[in-house]
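What follows is a set of notes on a single structure, which appears directly below.
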Amino acid sequence: MFPLDSVGHFFLGAAVVLALSRAAGTLAVRVGQPRVMGEVVAGIALGPSLLGALAPEAAAWLFPEAVLPMFSGLAQIGLAVFMFFTGQELCSLRVRGTARQGLLVSQASLFVPFAGGALAAVPLADRYTPAGLPESVFVLFIGCAISITAFPVLARMLEDLGLSRTRPGRLSLFAAAVGDGGSWLALSAVLALSQGSDHRDAAVRALIAVVVVAVYLGPVRRAAAGWFARKGETTDLATLRVVLVTAMAASAALTAALGVHQLIGAFLVGLVWPAGNPFAVAAAQPLATTSKTVLLPFFFLGFGLGVDLSALDLSSGGGLVLPALLVVAVLGKIGGAGLAARYAGLPWRESFTLGVLLNTRGLTELVVLQIGHEAGIIDGPLLAILTVVALVTTLMTGPLLKLAGPPAPAPAPLLDPAPAPDTRTPQPASVDRVKDLRPS
């Protein structure tokens with residue numbers, strides 16, 4: 001191999017990661033899958049699952065230990081921006097009327113798979129719970145991982161498939177928004193419990209997490225909206241971008257210091273950053289493109305380096321764990337959400353379509369799994385199993401939707417887009433409404 005110093009290895013590895021990620025994403029789109037799934041597969045292929053197994057010396061030369069912290073730093077920034085825009089997506093939805101159907105489906109799509117995942121984790125606790133971790137934390141985490149829906153991936157998939165204006169499409173967005181918000185709050189509590197030295201300390205950490213979320217969604221959100229209403233028009237976009245990045249970094253540091261994962265801090269900033277203000281939107285716009293095209297591929301690389309799918313535990317009963325968790329995940333989402341939709345008055349075909357859409361996990365579950373693995377809640381073998389579950393449940397969405405057939409357009413909108421912002425500004429070219437903030 002050619003001799004390179006650590007900086008040379010970094011730039012060579014970055015070139016390989018970005019090129020392969022783009023090519024794999026393009027191929028995924030051509031075969032009817034979300035671009036992000038191709039990027040995930042590319043990241044996994046560069047790790048021990050493929051490249052490390054076929055050419056370990058080449059893998060070690062391309063990604064030496066000295067450059068991994070550099071890639072990790074890029075990945076963390078990309079994840080923080082991704083979580084920020086996930087929060088933006090959630091707070092930009094507007095519900096029209098009582099949305100009884102949406103509320104019922106959202107609760108079923110959260111609690112049914114959560115309960116199913118937790119129950120399935122009980123017999124696995126003895127085998128997979130890391131030493132020193134309470135089994136209850138392991139069980140609750142599996143429930144969170146099984147109940148998650150990839151909201152940004154779902155939103156992009158609805159657009160690509162032309163389902164955004166159908167009743168199942170709009171109900172799925174609402175259910176995913178409410179369900180994912182609940183799942184992230186539950187994950188914050190689980191992480192707090194996992195770091196407590198005793199039950200009292202764990203309870204205090206969980207209470208702190210709840211208080212932090214309440215403060216963000218209450219006074220902080222009102223203060224941000226008021227500041228933009230008063231001074232947004234007189235502040236240049238460069239300054240607003242610095243404020244945004246600083247707020248994400250400070251919030252991530254705060255939640256990490258409080259024993260909650262740093263990505264929750266970036267997620268909370270996304271919830272409070274005014275999604276309907278044109279200046280706030282224009283300031284955030286460049287970060288979306290940079291994150292999804294340049295930074296997130298390094299998260300997929302880091303995830304791929306940390307999971308080894310070739311070492312799946314399929315012996316001595318382990319071979320039953322993967323299909324069992326896959327069945328629980330699929331039935332919990334499709335069955336729970338679908339039956340709730342049918343009970344709410346939707347036809348069977350639309351109810352099935354809705355359940356299939358909510359079964360999309362993708363990138364969001366991979367983020368949750370990495371958080372759990374870094375926190376010592378799940379080990380390597382179970383990480384590999386749950387990774388396969390996340391990939392399979394997302395890959396099956398397209399084929400199952402084709403099986404269900406195209407749903408009819410919604411007779412009346414359940415969800416309205418965020419109201420069009422007032423674009424009165426001395427910089428009209430800089431504050432156009434961002435048409436697409438969703439990481440693909």
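Side-chain polar atoms of Thr360 and Thr397 form a donor-acceptor pair below 3.5 angstrom.
With sequence neighbours excluded, the residues that form a side-chain hydrogen bond (donor to acceptor under 3.5 Å, both in side chains) with Thr26 are Arg35. Remark: Ala28 engages Gln33 in a side-chain contact (heavy atoms from CB on, under 4.5 Å) (not counting sequence neighbours). The ring pair (Phe, Tyr, Trp, His ring centres under 6.0 Å) test applied to Tyr216 returns no partner, not counting sequence neighbours. Residues satisfying the side-chain contact (heavy atoms from CB on, under 4.5 Å) criterion with Leu305, sequence neighbours excluded, are Leu68, Leu301. By the side-chain contact (heavy atoms from CB on, under 4.5 Å) test, Val215 is found to be paired with Val211, Pro219, Val220, residues two or more places apart in sequence or in another chain being considered. Applying the side-chain contact (heavy atoms from CB on, under 4.5 Å) criterion to Val330, with sequence neighbours excluded, gives Leu326, Ile334, Asn359, Thr393, Met396. With sequence neighbours left out, the ring pair (Phe, Tyr, Trp, His ring centres under 6.0 Å) criterion links Phe303 to no other residue.
Arg361 places no side-chain N or O within donor-acceptor distance of the main-chain N or O of Thr394, the cut-off being under 3.5 Å. Listed for the Glu39 side chain is no donor-acceptor partner under 3.5 Å among the backbone atoms of Gly25. Put simply, the side chain of Trp273 gets close to the backbone of Ala280: a donor and an acceptor are under 3.5 Å apart. One N or O on the side chain of Thr234 and one on the backbone of Lys231 form a donor-acceptor pair closer than 3.5 Å.
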Residues 12-22 side chain polar contacts: donor-acceptor under 3.5 Å, at least two apart:
none

Could you pull out every donor-acceptor pair under 3.5 Å between side chains of residues 374-392 and any protein atom, sequence neighbours left out?
unit_1, atom_1, unit_2, atom_2, d
Asp379, OD1, Leu382, N, 3.1
Thr387, OG1, Leu383, O, 2.7

Distance-only criterion, 3.5 Å: show the donor-acceptor pairs between side-chain atoms of residues 140-153 and protein atoms not counting sequence neighbours.
unit_1, atom_1, unit_2, atom_2, d
Ser147, OG, Gly143, O, 3.1
Ser147, OG, Cys144, O, 3.0
Ser147, OG, Ser183, OG, 3.3
Thr149, OG1, Lys333, NZ, 2.8
Thr149, OG1, Leu358, O, 3.0

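When all heavy atoms of Pro297 and Ser291 are compared, the pair lying nearest together is CD-O, 4.4 Å. Smallest separation of non-hydrogen atoms from Asn277 and Ala229: ND2-N, 4.5 Å. Closest of all the heavy-atom pairs between Pro274 and Ala224 is CG-O, 4.0 Å. Here the closest heavy-atom approach between residue Gly117 and residue Val328 is recorded as N-CG1, 3.8 Å. Taking every heavy atom of both residues into account, Phe10 and Val67 meet most closely at N-CG1, 3.8 Å.
The stretch residues 67-81 participates, sequence neighbours left out, in these side-chain hydrogen bond (donor to acceptor under 3.5 Å, both in side chains) pairs: Gln76-Gln262. Residue pairs meeting the side-chain hydrogen bond (donor to acceptor under 3.5 Å, both in side chains) criterion with at least one partner in residues 45-56, sequence neighbours excluded, do not occur; the list is empty.
For Phe82 and Phe299, the distance between ring centers is not under 6.0 angstrom.
Counting heavy atoms from C-beta on, the side chains of Phe138 and Tyr128 come closer than 4.5 Å.
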